[in-house]
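As the structure lists them, so they are numbered: ligands from 1, and atoms in each ligand from 1. Residue numbers start at 1 and run along the sequence shown.
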Amino acid sequence: MMMFRIPAALLLLTFGASAAPALRFEPQQIAVQPQGKREVWAPPILCPTSGTVWQTGSTVTVTWNTSTRPPQVSNPTGTLLLGYLLPGGQGGENLDVDNPLANNFPLDAGEIDFEVPDVDPMTTYIVALIGDSGNISPEFTIEN
Ligand SMILES: *[C@@H]1O[C@H](CO)[C@@H](O)[C@H](O)[C@H]1NC(C)=O
C-alpha cells in the first residue's frame, strides 16, 4: 500500500507544480495582489520606450529597473508578453499569452534578450513584464 501512496502524492505535486505557472499567463491575473507578507514587485520597464523600433527576427533586449525591488519578492521569476493597443485604447492590451517572448527568467537580472517574432508591422505594440504583478511598456514599433 505504501509503495503506491508515495508515488501518487509525488505525481500530484508534480502535476500541481506544472499547472501553476499557466495562471500567470492569464491577463486578468496581472493586477491581483497576493495575500501575505511577501511583497508584490512590478519592476518599471526602461526599454522599450515610445521611440523604440524593433525589426522582426532581430535579437533585442528589454530592460527594467531593479532598484525598486522590495527585500522579499513573492515571485522572483518573470514572463514577458507581447501585446498591442488599438486606437482609443479600446479592446485592452491584447497580450499574446500563448506565445511569451521570454519565460522563467530572473527578475533580478534587470534585462532579457529574445528574438522579435514574425508579427505584422505596427506602431502600437507593448510588452508586459509579469512576475506576481505586471507592468506595461509605452507603445513602440515593430517593422519587418
Ligand atoms: C530606478 O528606480 C529608482 C528607485 O525608484 C529611481 O531612483 C531611479 O531613478 C530609477 N532609474 C531609472 C533609470 O529610471
Can you give me a line-by-line list of nitrogen or oxygen pairs between ligand 1 and the protein shorter than 3.5 Å?
| from | atom 1 | to | atom 2 | distance (Å) |
| --- | --- | --- | --- | --- |
| ligand 1 | 2 (O) | Asn65 | OD1 | 3.4 |
| ligand 1 | 2 (O) | Asn65 | ND2 | 2.3 |
| ligand 1 | 11 (N) | Asn65 | ND2 | 2.9 |

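In this structure, CG in Leu95 is found 5.5 Å from CG in Leu81, a value given to the nearest 0.5 Å.
Residues Val62 and Pro48 are in side-chain contact: their nearest non-hydrogen atoms beyond the backbone lie under 4.5 Å apart.
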Would you check, one step at a time, whether the test side chain to side chain donor-acceptor pair (under 3.5 Å) holds for Asp113 with Thr61? CA-CA 4 Å; Asp113 293 345; Thr61 306; 2.6 Å; yes
Evaluate the criterion side chain to side chain donor-acceptor pair (under 3.5 Å) for residue pair Trp54 and Thr141; output intermediate values, then yes/no. CA-CA 6 Å; Trp54 289 346; Thr141 297; over 6 Å; no
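By the 30° and 60° cut-offs, the orientation of the rings of Tyr125 relative to Tyr84 is perpendicular.
Across Ile126, Leu86, Thr124, a single residue satisfies side-chain contact (heavy atoms from CB on, under 4.5 Å) together with Asn94, and that is Leu86.
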